[in-house]
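This report concerns only the one structure given below.
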There are 2 protein chains.
Amino acid sequence: MGKMVLVFVLLSLVQVLAVDAVDRVKIWPMPKSVSHGHGSLYMNKDFELKTEGTKYNDASGILKDGFSRLLHVLQVAHVVDGNSSAADTSLLLQGLHVLVFSPDDELQYGIDESYKLSVPASGKPVFAHLEAQTVYGALHGLETFSQLCQFNFTTSVIEVPMVPWTVIDQPRFSYRGLLIDTSRHYLPLPVIKNVIDSMAFAKLNVMHWHIVDTQSFPLEIPSFPKLWDGAYSISERYTFADAAEIVSYAQRRGINVLAEIDVPGHALSWGIGYPSLWPSKECQQPLDVSNEFTFKVIDGILSDFSKVFKFRFIHLGGDEVDTSCWRVTPHVRKWLTKHRMNESQAYQYFVLRAQNIALSHGYELVNWEETFNNFGNKLSRKTVVHNWLGGGVAKLVVEAGLRCIVSNQDKWYLDHLDTTWQQFYMNEPLTNITNPEQQKLVIGGEVCMWGEHIDESDIEQTIWPRAAAAAERLWTSYNKLAKDPRQVTGRLAHFRCLLNQRGVAAAPLAGPGRVAPEEPGSCYSQ
Amino acid sequence: MGKMVLVFVLLSLVQVLAVDAVDRVKIWPMPKSVSHGHGSLYMNKDFELKTEGTKYNDASGILKDGFSRLLHVLQVAHVVDGNSSAADTSLLLQGLHVLVFSPDDELQYGIDESYKLSVPASGKPVFAHLEAQTVYGALHGLETFSQLCQFNFTTSVIEVPMVPWTVIDQPRFSYRGLLIDTSRHYLPLPVIKNVIDSMAFAKLNVMHWHIVDTQSFPLEIPSFPKLWDGAYSISERYTFADAAEIVSYAQRRGINVLAEIDVPGHALSWGIGYPSLWPSKECQQPLDVSNEFTFKVIDGILSDFSKVFKFRFIHLGGDEVDTSCWRVTPHVRKWLTKHRMNESQAYQYFVLRAQNIALSHGYELVNWEETFNNFGNKLSRKTVVHNWLGGGVAKLVVEAGLRCIVSNQDKWYLDHLDTTWQQFYMNEPLTNITNPEQQKLVIGGEVCMWGEHIDESDIEQTIWPRAAAAAERLWTSYNKLAKDPRQVTGRLAHFRCLLNQRGVAAAPLAGPGRVAPEEPGSCYSQ
């Protein structure tokens with residue numbers, strides 16, 4: 001018995017050591033490659049951004065603002081008033097030298113987001129180095145750098161422990177999304193901006209804006225100014241300038257905005273301003289497929305969108321279409337008969353015509369998976385199929401040669417409160433897809449924060465920390481992902497506390513989504 | 001029957017009209033006196049602060065910063081890019097002329113917080129006028145002004161509808177508090193600052209900081225540097241400079257910080273750093289009454305506090321003291337015998353000695369009501385008794401000639417999620433107190449956000465909107481308070497949506513505390 005106990009103790013020790021070794025690196029999501037040492041540097045009070053030798057002129061200040069935000073998040077949690085200049089100057093980190101190789105700051109799908117960050121152990125003077133192809137890769141590097149730093153309570157100075165650091169990093173998937181829904185509840189501008197800020201902390205890069213749905217139409221559409229009559233109230237609306245502001249705010253943080261109009265279902269609110277978009281006053285959705293005005297409105301919306309939403313993709317919805325209103329409304333039924341279409345053909349006709357309109361405005365397309373499930377071979381080859389129903393469809397989509405975004409509701413719907421962060425973490429987009437060419441067609445995944453029970457009062461804690469678990473799945477190389485989520489609990493708890501320190505209301509890890517703390521205790525052990 | 005129905009209809013109409021008339025003024029809390037007209041002004045793009053003729057030089061920038069925050073909250077919800085200068089200049093509001101009569105900017109209990117705000121209907125040029133005795137009264141006026149303004153979606157300019165306005169205002173009670181608890185859960189600095197910001201929106205003026213309790217000791221105490229060894233973790237701590245930052249941040253927003261050390265119970269965490277403060281390692285609280293070191297530590301803490309916490313009052317706790325550890329610990333028991341004290345006498349001895357230490361550092365005192373209930377006639381006359389157990393004690397306290405703060409847990413404990421905003425609203429501090437001299441001794445009330453199940457992830461929506469209901473009870477003249485909370489539902493919902501627009505996660509009004517929205521819908525009708 002004595003021996004068995006000893007073996008058990010040794011095994012436990014090994015486990016603890018292994019966990020410790022992993023746990024010492026607290027970066028979330030885990031970079032592709034990390035090495036570190038055991039030294040410490042102290043940040044100079046006048047920690048500076050140096051850009052000598054860079055090819056990127058930062059005319060729009062994206063890098064400069066990113067650096068200011070870095071300083072802000074480092075200084076927000078405590079008063080940094082130590083006398084760093086008293087320290088040994090060879091251990092005083094003077095600044096960060098950033099080299100960006102591409103002069104272009106267009107944010108677009110598929111841009112290079114890689115970066116290389118190194119922090120030496122000493123020097124005269126000591127500078128950290130950050131290299132990236134694009135300024136957006138550099139922003140990721142700044143975020144990683146912020147996670148290497150910590151406040152030293154003895155000296156009241158920010159320190160960088162465990163130097164020297166070398167981090168080489170790039171994302172596994174180029175589409176790493178989060179959906180917000182401003183139709184079921186209006187989300188004020190500052191709330192959306194806070195969501196964008198927090199997304200950048202987790203290296204997510206697409207905010208999918210489900211703008212409008214059955215319940216409300218909050219956005220101004222200049223071409224059809226009565227559409228936002230479908231808003232909940234006069235104050236729960238976004239001007240077109242507000243939309244541009246959201247896009248610009250996101251872009252400066254490396255985040256694309258994917259705008260969605262969900263047609264022909266999920267569009268009842270369109271008819272508040274333009275009732276002729278309804279099949280009839282008694283039967284109000286899907287949009288009237290028989291009315292040319294319907295497509296004129298879609299064209300107007302997408303024409304307006306193309307001036308503001310510069311992301312390559314537009315989301316055209318296409319899910320959950322109940323065509324019974326088309327069947328029971330005499331003039332639509334007549335039109336169907338005339339055009340020799342049954343309801344499902346009319347559904348296909350609508351989706352494809354909307355796709356063509358979007359293509360004419362220069363967009364590639366995203367549609368919910370029902371469109372693929374019903375007439376996948378008819379969809380434009382520029383379609384990305386957005387999975388949501390269950391697992392499994394991604395394999396079929398990429399076998400058909402189309403691209404796919406994974407959001408299976410059983411694992412990546414944030415409004416499913418009973419889905420735990422562990423389930424979010426373990427949801428693998430490439431499940432059962434082994435052909436490397438097909439794997440490339442899975443462009444990424446997205447967690448969805450549907451708004452039926454979500455408003456400003458509960459959005460942050462419903463998103464975080466579970467979205468962060470998915471963010472690591474989408475960012476981190478497959479071979480660096482934990483096979484057992486218990487291996488990352490401590491690091492995710494650390495990231496959750498980091499979010500809290502930055503003012504993001506991330507919920508405790510324990511239990512399902514958005515739980516209150518069960519009892520008094522440390523942030524790190526909840 | 002026909003006639004009765006008609007009467008009923010008429011009555012209903014009258015009710016609707018009455019509600020409408022009240023509802024047009026959306027200010028929360030309701031000012032002492034308000035009048036308005038039916039005109040509209042547009043804010044100039046370069047809306048300016050004018051202070052000519054003021055006696056207050058604003059050397060520390062409190063007014064200037066308050067004005068910047070005003071502009072920020074007005075502009076945060078939408079892009080303000082309309083061309084206001086195109087409007088008729090006689091309807092263009094050029095700025096706000098602020099006169100502060102007192103040159104002094106010391107924030108202290110009982111200062112004059114009144115203000116008078118007027119916005120004319122037109123002029124050449126048009127300026128709004130704000131007069132106040134103190135800069136802190138002026139800050140309240142700025143908040144009220146912000147609530148008169150709204151974004152005009154047609155012109156994309158901020159407008160002031162219903163001009164001319166005249167608002168004459170002052171608080172009913174001089175102590176309007178909110179308790180936060182950083183011992184049960186650590187609250188990061190940005191979170192505390194957000195709470196302070198939101199308090200100012202509701203014209204609350206005291207943040208009662210329950211710093212330390214049984215579970216953790218998060219604050220650095222320079223005189224006894226091991227005390228914060230009782231923190232949950234090295235990062236869940238506040239430096240002394242952090243405390244000063246909190247006090248300064250609050251003060252610049254007109255909010256006093258009432259620091260609390262809760263002795264002799266609720267102090268187990270003190271002994272992590274100094275175990276001799278415990279009766280024994282086996283029996284760890286209350287603090288060891290027999291040990292002179294205990295009072296030396298209290299003296300050290302209060303000496304340090306007096307450098308940072310400049311509010312007139314210090315809170316010394318004194319609640320829920322279970323003295324059994326004193327009874328069962330041999331050396332304490334011996335001491336009791338030697339000094340001929342029973343346990344309850346020792347409790348009294350401890351509280352009074354702590355009071356004397358606080359008095360020696362220039363503080364007046366707040367103690368939880370058990371001290372009054374047990375030996376009220378022995379308490380220093382400089383004591384304010386803090387009610388929490390139930391209703392009724394306030395009457396006894398003021399009859400005894402002491403001052404009182406009302407926080408009866410059945411109505412004003414925010415952690416009681418089943419207490420509705422209506423109950424918060426209707427809790428009257430002067431219940432059964434009719435003598436005007438005794439009424440004056442009720443200096444105010446406080447809502448308490450105890451932290452057992454509260455951290456960064458749920459604090460804002462647990463506080464708001466219920467704390468706002470109490471804030472109106474504490475601010476608004478008794479005769480202007482609604483006798484039936486249904487009369488203010490619409491206005492409170494409006495304030496809740498205003499908080500949301502400013503990024504404060506105030507919860508829906510419907511149901512108990514911190515509910516998620518039940519279904520899709522407008523902020524204003526949840």
Side-chain angles (χ1 to χ4, degrees), chain A residues 76-79 81 150-151 153 156 183-186 188-191 194 214-216 220 232-239 241-242 244-245 451-462 464 497 499-508 514 516-526, chain B residues 76-79 81 150-151 153 156 183-186 188-191 194 214-216 220 232-239 241-242 244-245 451-462 464 497 499-508 514 516-526:
Chain A
V76 77
H78 297 284
V79 176
D81 61 358
Q150 62 184 39
F151 180 75
F153 282 83
S156 288
S183 176
R184 276 60 178 260
H185 285 94
Y186 178 82
L189 228 57
V191 180
N194 287 344
T214 299
Q215 288 82 358
S216 76
E220 177 182 25
Y232 282 126
S233 67
I234 52 164
S235 34
E236 287 164 296
R237 296 188 293 175
Y238 308 101
T239 66
D242 291 343
E245 167 71 11
E452 281 83 352
H453 308 283
I454 296 300
D455 64 12
E456 154 63 348
S457 72
D458 57 355
I459 189 168
E460 287 190 359
Q461 49 278 67
T462 316
W464 306 107
C497 300
L499 290 176
N500 286 177
Q501 281 161 29
R502 295 177 182 186
V504 180
R514 202 177 65 207
E518 261 191 39
E519 50 187 25
S522 167
C523 178
Y524 298 94
S525 57
Q526 278 170 18
Chain B
V76 77
H78 297 284
V79 176
D81 61 359
Q150 63 184 40
F151 179 75
F153 282 82
S156 288
S183 176
R184 276 60 178 259
H185 285 94
Y186 178 81
L189 228 58
V191 181
N194 286 345
T214 299
Q215 289 83 355
S216 77
E220 176 182 25
Y232 282 127
S233 68
I234 51 164
S235 33
E236 287 164 296
R237 297 188 294 177
Y238 308 100
T239 65
D242 291 342
E245 167 70 12
E452 281 84 351
H453 308 284
I454 296 299
D455 63 12
E456 154 60 348
S457 72
D458 57 354
I459 189 168
E460 286 191 0
Q461 49 276 67
T462 317
W464 306 107
C497 300
L499 291 176
N500 285 178
Q501 281 162 29
R502 295 177 182 185
V504 180
R514 201 177 66 207
E518 261 192 38
E519 50 187 27
S522 167
C523 178
Y524 298 94
S525 58
Q526 277 171 19

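Letters A, B, ... are given to chains in the order of the sequence lines, protein chains preceding strands, and every chain is numbered from 1. Note that these values count all heavy atoms, side chains included, but never hydrogens, waters or copies made by symmetry.
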Which one, [options], leads in non-hydrogen pairs under 4.5 Å with chain A?
{"options": "B/S233, B/S235, B/A506", "result": "B/S235"}
{"options": "B/D455, B/V191, B/T239", "result": "B/D455"}
{"options": "B/L189, B/D242, B/T462, B/I454", "result": "B/D242"}
{"options": "B/P508, B/A507, B/S457", "result": "B/S457"}

Under 4.5 Å, counting heavy-atom pairs only, tell me which of [options] racks up the most with chain B.
{"options": "A/T214, A/I234, A/D81, A/L499", "answer": "A/I234"}
{"options": "A/P520, A/P188, A/C523", "answer": "A/P520"}
{"options": "A/V504, A/I459, A/N500", "answer": "A/N500"}
{"options": "A/E245, A/E518, A/R237, A/E460", "answer": "A/R237"}
{"options": "A/Q501, A/H185, A/E220, A/R514", "answer": "A/H185"}
{"options": "A/P517, A/A77, A/A505", "answer": "A/P517"}

- Message: Parallel, tilted or perpendicular: which one describes the rings of B/H78 and B/F153, with boundaries at 30° and 60°?
- Response: perpendicular
Nearest-0.5 Å distance, [atom1] of residue [X] to [atom2] of residue [Y]:
{"X": "A/C497", "Y": "A/R502", "atom1": "SG", "atom2": "CZ", "value": "12.5 Å"}
{"X": "A/R184", "Y": "B/E519", "atom1": "CZ", "atom2": "CD", "value": "13.0 Å"}
{"X": "A/Q461", "Y": "B/D458", "atom1": "CD", "atom2": "CG", "value": "7.5 Å"}

- Query: Run the side-chain contact (heavy atoms from CB on, under 4.5 Å) check on B/Y232 and B/Q215 step by step: do they pass?
  - Reply: CA-CA 8 Å; B/Y232 282 127; B/Q215 289 83 355; 3.2 Å; yes
Side chain from CB out, backbone as N, CA, C, O: work out which of these in [X] comes under 4.5 Å of a heavy atom of chain A, or both, or neither.
{"X": "B/Q526", "result": "side chain"}
{"X": "B/S525", "result": "neither"}
{"X": "B/V76", "result": "both"}
{"X": "B/A516", "result": "both"}

- Do B/N194 and B/E456 have side chains that get closer than 4.5 Å, going by heavy atoms? no
